[in-house]
Amino acid sequence: MNSTVPGFLWGASTAPHQIEGNNTNSDWWVREHRAAGMERSGDACDSYHRYAEDMRLLADAGLNAYRFGIEWARVEPAEGHISRAELAHYRRMIDTALDLGLKPVVTLHHFTHPRWFAEAGGWMHEKAIDRFVSYIHATTTILDGVEWVCTLNEPNMLALMVMMSHAARTGETKKWLSPTVEGAARPVLPDPDPQIGLRLAEAHHRARDVLGQHTGAKVGWTVACQALTATPGNEGRLEELRYVREDLYLEAARDDDFIGVQSYSSQEVDENGVVPHPRHPDNTLTGNAYRPDALGIAVRHAWKATDNTPVLVTENGIATEDDDRRIAYTSEALRHLFETVEEGADVRGYLHWSALDNFEWGHWEPTFGLIAVDRETFERRPKPSLKWLGEVARRGRP
Ligand code: FCB
């Protein structure tokens, strides 16, 4: 791949609950402290205070974009009560990124909710969408100069979490599974309920309208793209399964400014459904099959299913202790990504998951970061992969 894409975003991604620390007013904090078998986020990476250092490391390496989130549980600690100080905090983050030459890609919802929202019935409550949109409204006051905004992160995974929270509330189940760790390894999780998916799509569309009226940002949502493929003869089964798991969410993005593609691995579908990742020494720390080619499959499918909506890769990466493997995986994934560009897909950027080794939804073991973090001193230790990705970014092509 010799050509570069003008204006291409080269960056890394994070999510507030996974890095900020002490997100005590969120439903995930409550869950971590109640559910058996879950580790706690605690101070996380203390990025709530150290975000400038995180961003500087990315910018110094040569990256030009940073995806981070605004935490609803902080901005609206009680229903209808907006914290001006927390909004100012996130505005400072945006300004810091801009000053460092990093384009902020701002996520407004990444799996977590304020406690009050969850306790009042979460997404199943009839006022849920109004509540979400009212929070979105509050964020529009600080988004000046932000070009890229993601409303909801992985609504297809969020729909599963809504189902699990509902089951936990009604006493059907006591065990909570981490959506990305236990859930990623095996298809133990059910298909997301399309009714919940449609509700989230409505929330996204209403948020998009508000953002469109009050900001100049490009607006999209980010979908967990599973790069599903059919075993011979099971193409029909693939279509069916892919609709509830993915396409419902991709189709809902057809009028968006971009689609956020998030890809880690690929799975086959046979007559019994999604085939579990077989146990293999090459599997990643989250139990996924090592499939750097997944990104190409995911982007091609997203591009088609959204009727050619511009693609921003908002997450791609690997849970591994071996940084050489991270470089090998990412280098191959980028090669596949740029093949899709040569085929004609409009790809606007690549944001690696993740900037930091962080709290992986109930677990600390799977490390996805370009930067290691000492959990006691919070010292940041950039890995060779950060330098490597920065060089790719400066060159503008894999
Ligand atoms: C995605 C999530 C992200 C992170 C990665 C590994 O599903 O959006 O927060 O957990 O997986």
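When a ligand or atom number is given, it counts from 1 through the structure's own listing order. Predicted model only: the values in this text are computed from it and were never measured.
By the side chain to side chain donor-acceptor pair (under 3.5 Å) test, Glu202 pairs with no residue at all, sequence neighbours left out. Qualifying ring pair (Phe, Tyr, Trp, His ring centres under 6.0 Å) partners for His137, counting only residues two or more places apart in sequence or in other chains: His214.
Pairs of residues two or more places apart, or lying in two chains, that qualify as ring-ring contact (aromatic ring centres under 6.0 Å, His included) and include a residue from residues 44-65 are Tyr48-His89, Tyr51-His89.
No side-chain donor from either of Asp256 and Thr309 sits under 3.5 Å from a side-chain acceptor of the other.
The structure places CD1 of Ile196 at 9.0 Å from CG of Leu158, a figure rounded to the nearest 0.5 Å.
Taking a heavy-atom cut-off of under 4.0 Å, ligand 1 is surrounded by Gln18, His110, Phe111, Asn153, Glu154, Thr180, Gln262, Tyr264, Glu315, Trp353, Glu360, Trp361, Phe368.
In this structure, His109 and Trp123 have perpendicular ring planes: the angle between them is above 60°, well past the 30° mark.
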